[in-house]
Amino acid sequence: MAPATQDFSTDQKRYLEGFFAALQARGVSFGDMAPLPMAPPSAEPRVNLEDLTKEERIKRDVHPFDAIEQLIIDARWNAAPEPESVFRNKWNGLFWLSPVKDGYMCRLRIPGGMVKSFQLRELAAISRELTTGYIQITTRNNFQIRLIEPKNCPEVLRRIQSVGLHSKGAGGDNIRNITMNPCAGYDPYELVDVRPYVNELATHIIASKEFYDLPRKFNIAYDGGGLVSSVEDTNDIGATAVEIGANDQGIEPGLWFRIGLGGVTGHKTFASDWGVLVKPEELNKVILAIVRVFIRDGDRTNRKKARLKYLLEGRGLDGFRNDVEAVLGYTLQSLAPDSPLQLPRRFSQQGHSHVGAYPQKQEGLHYIGASVPVGQLTARQLERIADIADSYGTGEIRLTVWQNFIVPNVPTAFVATASKALRKLGFPTDQSPLRNGFVACTGNRYCKYAASDTKGHAIAMMDYLDKRVKLDTPVNIHFTGCAHSCAQHFMGDIGLLGTKAKGESGEGYHITVGGGFGENRMVGRQIFSAVPYESLGTTLEAMLKTYLAKRQPEESFHKFCNRHSVGDLQVLFSEAMG
């Protein structure tokens, strides 16, 4: 019989390459194929392996970082990923967008939202050459870019890393981008500059494989006490700088950090004060001990109960503290949340907008906050922002959790010129109690979970309301497309949760009111269900005009809503709608 001469087909080649790559990733060797070195495991979870969720089994089959070869193979054929690869690729910050789009979104890791002008230029070039040309600022002071074909993924990752940025661990069961006060180091009111803590922890996380196998995603935020909050109480761990006064209890006066645990506003929960004080030099050691206990003991049998919030509910704050202290090897300093030893803040973080020009602690310098409508920019705009930062500042940009950005270190003489340049570019620097308060998640144009076009609807509502309602106090309006609540609708003055609704578009929103954070922390209460998008403008207009007509002197929208019952608000707002 004559030997076969026909070569393998393209599909056969791809299958075989993937098959042998998976075997190699598991340490299986054939002939001269050397096994890959196996990384030491992190703390073993206390659970029967047979009870693990599908996602946990995928991680144990092949660790997502060991599966990078499959991503490269898919790139050769510009092939869509298999379901397991869809999950694993999130470890490199790549999110497959099917069925909405056939391509990836890449989310970056930018600790504290600190980014340099040369990095902005390369991100703009990547976006223009390898994606749709749009960049989005996220609600974790971060960037994400889309739409990336599979063939371009390795090049996107390489170019991101070439300018000192990362996408490692930006998705999946990992510690997400670390947030902080956007004016850290510049704010004249801050108690401490938290940048060193953010950078130290980020370096530790990025370099340690130990922190890439959590039960679910994990959020960490630092607040150094400045005028602009980091909204730390919405995080799994929120570290807040406080001052301790003179006392006879043996607690050293001065700067400490309080720790809040278990914040998940999408699950209607803010972080609970842990009842401890931590010295600044011990802060990151304590945070890592908390994460290690979560890695070991978090629920890996039920994805819906896998966040830190649920471990705390089962174990209690005191029980969890015992576990963390066992990891640390020492006892933490106790202090009740309402202790008079903790000095009150000298100012309120509520109502202070970061949009506009403000003096820094450095004499003769200002930071300028610019508003980015729903956080969306083009590659050209990003390049021009870099030019402005170089021309009038020190080549640095700060991203905010409100999907805006700040240009720091602008000399007083250049503030007006820099502000004008930003406005010409499409980013207002003047105060708008209405427009500056809009936040929106990605929406159903690119996210398979979203039920509505949040960004498109938010921009339309900005324009509609701006012509009809004149506010004199800020109102935050958060658009989120699904129950994951990436735009944190429960903490908005007005929260809009996308849903199916009767109407021409089939899209609509559940409406909540009265949410807040920090000293105004409150989970918003739902007052209307499935309002069609076509009726949203008139509904929001009636709500805001009712507030203006019936509020008490100096009363905020937040306080107005929480002064009334849900029933009363429904009646008041419905009457205004006719």
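Computed over heavy atoms, backbone and side chain alike; hydrogens, waters and symmetry mates excluded. Quantities reported herein were computed from a predicted structural model and do not represent experimental measurements.
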>> For a side-chain contact (heavy atoms from CB on, under 4.5 Å) check, start with the C-alpha distance between Leu108 and His166, then their side-chain angles and the critical distance, and finish with the verdict.
In response: CA-CA 6 Å; Leu108 276 63; His166 301 272; over 6 Å; no
>> Closer than 3.5 angstrom, by distance alone: can the side chain of Asp233 be matched with the main-chain N or O of Phe270 as a donor-acceptor pair?
In response: no
>> When you measure from the side chain of Asn520 to the backbone of Phe517, do you find a donor-acceptor pair of N or O atoms at a distance under 3.5 Å?
In response: no
> Does the side chain to side chain donor-acceptor pair (under 3.5 Å) test come out yes or no for Gln144 and Thr442, once each step is laid out?
Replying inline: CA-CA 10 Å; Gln144 56 191 30; Thr442 296; 3.2 Å; yes
> What pairs with Thr234 under side chain to side chain donor-acceptor pair (under 3.5 Å), at least two apart in sequence or on another chain?
Replying inline: Gln488
> Just one of Arg88, Lys59, Arg60, Lys209 clears the salt bridge (Lys or Arg N to Asp or Glu O under 4.0 Å) bar with Asp66, so which one?
Replying inline: Lys209
>> Please identify which of these residues, Ile295, Ile205, Ile175, meets the side-chain contact (heavy atoms from CB on, under 4.5 Å) condition with Tyr212.
In response: Ile205
> Can you name the one residue among Asn284, Thr240, Asn235 that meets side chain to side chain donor-acceptor pair (under 3.5 Å) with Tyr222?
Replying inline: Asn284
> How long is the span from the CZ atom in Phe211 to the CD1 atom in Ile206, to the nearest 0.5 Å?
Replying inline: 12.5 Å
> Should Tyr197 and Phe257 be marked as a ring pair (Phe, Tyr, Trp, His ring centres under 6.0 Å) after you check the CA-CA gap, both sets of side-chain angles, and the distance that decides it?
Replying inline: CA-CA 12 Å; Tyr197 310 109; Phe257 279 90; 5.7 Å; yes
> For His457, what residues pass the ring-ring contact (aromatic ring centres under 6.0 Å, His included) criterion, not counting sequence neighbours?
Replying inline: Tyr509, Tyr533
>> Strictly below 4.0 Å, N to O, side chains only: are Arg380 and Glu383 in salt-bridge contact?
In response: no
> Would you say Tyr134 has more than 12 foreign heavy atoms packed within less than 6.0 Å of its OH?
Replying inline: no
> Please walk me through it: do Gln403 and Lys455 pass side-chain contact (heavy atoms from CB on, under 4.5 Å)?
Replying inline: CA-CA 12 Å; Gln403 297 181 306; Lys455 286 192 183 296; 3.7 Å; yes
> In terms of side-chain geometry, is the basic nitrogen of Asp187 or Lys361 positioned less than 4.0 Å from the acidic oxygen of its partner?
Replying inline: no
>> Per the salt bridge (charged side-chain N to carboxylate O under 4.0 Å, His left out) rule, what does the pair list look like for residues 409-422, sequence neighbours excluded?
In response: none
>> Using side-chain contact (heavy atoms from CB on, under 4.5 Å), reason through Asn181 and Glu190 one step at a time and then give a plain yes or no.
In response: CA-CA 9 Å; Asn181 313 92; Glu190 68 184 3; 5.6 Å; no
> How long is the span from the CG atom in Asn199 to the CD1 atom in Ile178, to the nearest 0.5 Å?
Replying inline: 8.5 Å
> Nearest 0.5 Å, what's the CD1-CG distance between Ile137 and Asn404?
Replying inline: 6.5 Å
> Does any N or O in the side chain of Thr131 come within less than 3.5 Å of the main-chain N or O of Gly133, such that one atom is a donor and the other an acceptor?
Replying inline: yes
> Would Asn409 and Gln362 satisfy side chain to side chain donor-acceptor pair (under 3.5 Å), going step by step from the backbone distance to the final call?
Replying inline: CA-CA 8 Å; Asn409 299 320; Gln362 295 83 6; 5.5 Å; no
> Do Trp96 and Asn89 have side-chain N/O donor and acceptor atoms under 3.5 Å apart?
Replying inline: no
>> Rounded at 0.5 Å granularity, tell me how far OG1 in Thr454 sits from NE2 in His489.
In response: 12.5 Å
>> Can you classify the ring geometry of Trp402 versus His478 as parallel (below 30°), tilted (30 to 60°) or perpendicular (above 60°)?
In response: perpendicular
>> Using a 6.0 Å distance limit plus a 45 degree cone around the ring axis, check whether Lys90 lies over the aromatic ring of Tyr104.
In response: no
> Between His63 and Phe65, how do the two ring planes meet: parallel, tilted or perpendicular, split at 30° and 60°?
Replying inline: tilted
>> Looking at Phe143, is its backbone amide N or carbonyl O close enough to the side chain of Thr138 to form a donor-acceptor pair, meaning the two atoms are under 3.5 Å apart?
In response: no
>> According to side chain to side chain donor-acceptor pair (under 3.5 Å), who are the partners of His267, at least two apart in sequence or on a separate chain?
In response: Tyr310
> Taking only residues two or more places apart in sequence, or in another chain, which ones meet Asn177 in a side chain to side chain donor-acceptor pair (under 3.5 Å)?
Replying inline: Asn141
>> Determine whether Asp236 and Arg216 satisfy the following criterion, salt bridge (Lys or Arg N to Asp or Glu O under 4.0 Å), listing intermediate values before the conclusion.
In response: CA-CA 11 Å; Asp236 294 280; Arg216 280 302 297 269; over 6 Å; no
>> By the ring-ring contact (aromatic ring centres under 6.0 Å, His included) test, which pairs, at least two apart or in different chains, include something from residues 170-196?
In response: Tyr189-Phe347
> Is it the case that Ser371 and Arg435 place a side-chain donor and acceptor less than 3.5 Å from each other?
Replying inline: no
> Please, which pairs that meet side-chain hydrogen bond (donor to acceptor under 3.5 Å, both in side chains) have at least one residue in residues 114-124, sequence neighbours excluded?
Replying inline: Ser117-Asp390, Arg121-Asp387, Arg121-Asp390, Glu122-Arg159
>> A side-chain contact here means heavy atoms from C-beta on lying under 4.5 Å apart; do Phe405 and Val372 qualify?
In response: yes
> What's the shortest heavy-atom distance between Gly112 and Val198, and which atoms?
Replying inline: N-CG1, 3.8 Å
> Among all residues two or more places apart in sequence or in another chain, which pass the ring-ring contact (aromatic ring centres under 6.0 Å, His included) test with Tyr449?
Replying inline: His484
> Looking at residues at least two apart in the chain, or sitting in another chain, which of them share a side chain to side chain donor-acceptor pair (under 3.5 Å) with Lys217?
Replying inline: none
>> Please report the interatomic distance CZ(Arg140) to OG1(Thr179), rounded to the nearest 0.5 Å.
In response: 4.5 Å
> Between Ile145 and Val156, which heavy-atom pair has the shortest distance, and what is it?
Replying inline: CD1-CG1, 4.2 Å
> At their closest point, which heavy atom of Val374 faces which heavy atom of Ala458, and how far apart are they?
Replying inline: CG1-CB, 3.5 Å
>> Evaluate Thr378 against Ile135 for side-chain contact (heavy atoms from CB on, under 4.5 Å), listing each step before the verdict.
In response: CA-CA 6 Å; Thr378 65; Ile135 303 99; over 6 Å; no
> Are there more than 12 heavy atoms of other residues, nucleotides or ligands under 6.0 Å from atom CD of Glu363?
Replying inline: no
> According to the salt bridge (charged side-chain N to carboxylate O under 4.0 Å, His left out) rule, which pairs have a member within residues 95-111, sequence neighbours left out?
Replying inline: none
> Distance from Arg445 atom CZ to Arg146 atom CZ, nearest 0.5 Å?
Replying inline: 11.5 Å
>> Could you work out, with ring-ring contact (aromatic ring centres under 6.0 Å, His included) as the rule, every residue matching Phe490, not counting sequence neighbours?
In response: none
> Okay, side chain of Gln431, backbone of Val355: is any donor-acceptor separation there less than 3.5 Å?
Replying inline: yes
>> I need the full list of salt bridge (charged side-chain N to carboxylate O under 4.0 Å, His left out) pairs touching residues 393-418, with sequence neighbours left out, sorted by first then second residue.
In response: Glu396-Arg398
